[in-house]
Amino acid sequence: MSINLYNTKTGQKETFTPINPNSVTMYLCGPTVYNYAHIGNARPAVVFDVLYRLLKYHYPKVTYARNITDIDDKINNSAKELGVNIKKYAEKYAKIYNDDIAKLGVLPPDIEPYATQHIPQIIAMIQVLIEKGYAYAAEGHVLFAVETYDKYGSLSNRNIEDMIAGARVEVAPYKKHPADFVLWKPSDDDLPGWDSPWGRGRPGWHIECSAMCKSHLGDVIDIHCGGRDLIFPHHENEVAQSCCANDTDSFANYWLHNGMINMGQQKMSKSLGNILLIKDVAEQYKGEVIRWLLLSAQYRQTVTWSEESIHKSQKTLDRMYATLRDNQSVSANIGNENIPEEVVSALDDDLNTPMAFAEINKIAKSLAKADTDSNKQKYKSQLLSTGNLLGLFQQDPEDWFKSEDIDRDKIEQLIKERDLARANKDWSKSDEIRDQLNDMNIILEDSPEGTRWSVKK
RNA sequence: GGCUGGAUGGUAGAGUGGCUAUACAGCGGUUUGCAAAACCGUGGACACCAGUUCGAAUCUGGUUCCAGCCUCCA
């Protein structure tokens, strides 16, 4: 069984062949930390978390690096506006990002490199580029000369002439060619800066990923991931820098790009003011619900976020956990051997999570309908094992339906009173208590095993 | 203008040259003190036009529309 991945570089699905099957490498462009993380930041973290888990399922060793870009003009500007320390500002939002995506069931990567901790490597790489004639210093800046790299534009499938025709490239007097991009730029005294052969300054926008990939994963890596919007210029420039500095034909053998999130009919963007923050959604919905929604479309497709779709994810997971709750006493074995072949082959086909979810629904239905102990065990094991692979269903099913800030003792007490009333067929008192709990946002369900409760959504 | 992707039932969202995707919602039923949950059954789709084919929603060509990137952006 092999994994097939859609490779942006070639524009088609390809069988994944690692450079070294005993040590697979992947890199994801993490966030620039200048604000609270939004659900657009969450999508790549979640979908490539699934890829990470799938690779670990297939290969003995996977090294996953996900960076934090903590030096950038956006950070500088935001911190300056608020009059706060730039370094602390970046640290604060890096922590928030990690906390937020952890809520979504995202595993920590093996390596989380920070740009500011790789300044020597960045400077070294720029020096190599200058020595080899791919870059030049001018007025305190260092620029990459795009005309020196004949494959420039091959990842994003565009050519330099077209870009110039767009006339949207930043033209600066010190540039030899309008499409040349910055590797290093000067910092004045109130900006973060490091000493370099070109004076005190800071790295440009793309070089940090090239330098961090090289120092942690090697000159050529297996898989490089990121949002679609990063293909150009970010990833195109990474390819140029890395291949030229390292003398390689390839920087990453497979380039994977996730689709964007739309808010209703509109794209989510700062200028439209419709940015949805993870922390805000997480106040209302559990992280797993958000994870489910993000994985309910194939990762390359645009996902439309709406109240309706998040609510639907909530209902679906409620049903899954309800089935697990109904089978609390059934023992189950969590292990890769209990993941149905259909699930793995769906994921192997370019992370077809919707198809995997269809299989999960079938398993859950089989569990709900199972009438023998051996079948119950079999399907529960399948459901939990599959969930383990996908980062789902690992919570306590009882707790799923409760919430933290609630007076459990009082509720249990009222339920006891009601059960007593019901035993005496005192229906009016029973209904009275039901109404009382309903006012407290508690839903009761009577079953042969007793009364159970959950928080109204 | 250049480059990428899309267009599937009320909604979300897969897939395949002929075989029920799946889920939510709907409808009918079983069950139930009430309520719910659960279970059973059920209707409903492949943007448009042409072509290839015994047969296409699935392949080919064209048309229309939508989105993204080309500028910081996941």
Side-chain angles (χ1 to χ4, degrees), chain A residues 6 8 11 28-32 34-35 37-48 72-74 77 97 153 156-159 161-170 179 205 225-234 236 257-262 265-271 275 292-304 306 308-320 322-323 325-326 342 346 349 352-362 364-365 368-369 371 421-422 425-428 430-431 434-435 438 443-448 451-454:
Chain A
Y6 181 91
T8 302
L28 167 64
C29 284
T32 300
Y34 67 103
N35 206 337
H38 54 72
I39 52 170
N41 298 116
R43 168 115 106 143
V46 169
V47 302
F48 297 119
D72 181 274
D73 286 351
K74 288 193 293 293
N77 296 337
Y97 169 78
S156 55
N157 195 19
R158 59 190 76 199
N159 59 61
E161 291 74 42
D162 288 345
M163 289 182 269
I164 306 308
R168 288 167 129 175
V169 286
E170 183 194 357
W205 300 311
C225 319
R228 244 182 118 79
D229 50 351
L230 294 183
I231 298 171
F232 188 90
H234 188 58
E236 190 68 59
H257 291 101
N258 63 274
M260 303 289 103
I261 292 177
N262 276 182
Q265 292 303 301
Q266 292 179 314
K267 83 170 207 167
M268 188 173 80
S269 79
K270 249 171 107 174
S271 51
I275 303 281
W292 183 274
L293 171 53
L294 291 175
L295 293 175
S296 62
Q298 204 264 352
Y299 76 94
R300 286 189 287 121
Q301 305 303 325
T302 301
V303 161
T304 299
S306 67
E308 194 191 349
S309 57
I310 186 77
H311 186 71
K312 208 187 262 192
S313 299
Q314 173 79 63
K315 287 202 70 162
T316 306
L317 280 171
D318 281 350
R319 190 169 41 75
M320 297 287 168
T323 302
R325 184 168 64 171
D326 288 342
E342 288 80 3
D349 184 15
N352 194 337
T353 47
M355 188 177 255
F357 280 12
E359 292 301 326
I360 286 172
N361 274 302
K362 287 178 193 168
K365 191 161 243 181
K369 285 159 64 175
D371 50 10
R422 291 180 68 225
K425 298 203 191 289
D426 184 352
W427 307 127
S428 64
S430 163
D431 289 346
R434 176 191 285 287
D435 289 344
N438 186 54
I443 295 168
L444 298 184
E445 292 170 30
D446 296 325
S447 77
T451 302
R452 65 191 179 196
W453 62 276
S454 51

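Using a 4.0 Å heavy-atom criterion, one finds that Gln298(A) contacts the sugar-phosphate atoms exclusively. At a threshold of 4.0 angstrom between heavy atoms, the contacts of Gly227(A) are confined to the sugar-phosphate backbone, with no base atom among them. Across all strands shown, His257(A) has no heavy atoms under 4.0 Å from either base or sugar-phosphate atoms. Among the protein residues, Ser296(A) comes within range of the sugar-phosphate backbone only, with heavy atoms under 4.0 Å from sugar or phosphate atoms but none that close to a base. Lys74(A) comes within contact range of the sugar-phosphate backbone alone, with a heavy-atom separation under 4.0 Å but no base atom that close. Base contact: Ile261(A) has a heavy atom under 4.0 Å from a base atom. Within 4.0 Å (heavy atoms only), Arg43(A) reaches no atom of the nucleic acid at all.
Taking 4.0 angstrom as the limit, Tyr6(A) places a side-chain polar atom (N or O) nearer than this to OP1 or OP2 of G5(B). Between Asn352(A) and A14(B) there is no side-chain polar atom (N or O) within less than 4.0 angstrom of OP1 or OP2.
You'll find that the side chain of Ala297(A) is closest to A14(B), out of A74(B), U11(B), A14(B).
Straight-line distance between the P atoms of A56(B) and C73(B): roughly 48 Å, to the nearest whole Å.
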Summarise how protein sits on nucleotides 29-35 of chain B as a single string, 5' to 3': B when a protein heavy atom is under 4.0 Å from the base, S for sugar-phosphate-only contact, - for no contact.
-> ----BBB
Sugar-phosphate atoms are those with a prime plus P, OP1 and OP2; base atoms are the rest. Using that split, label each nucleotide of nucleotides 38-46 of chain B B, S or - for protein heavy atoms under 4.0 Å, 5' to 3'.
-> SSS------
Once Watson-Crick and G-U wobble pairs under 3.5 Å are found, how is RNA chain B written in dot-bracket notation, 5' to 3', with | for any base paired to another strand?
-> (((((((..(((.....[...))).(((((.......)))))....(((((..]....))))))))))))....
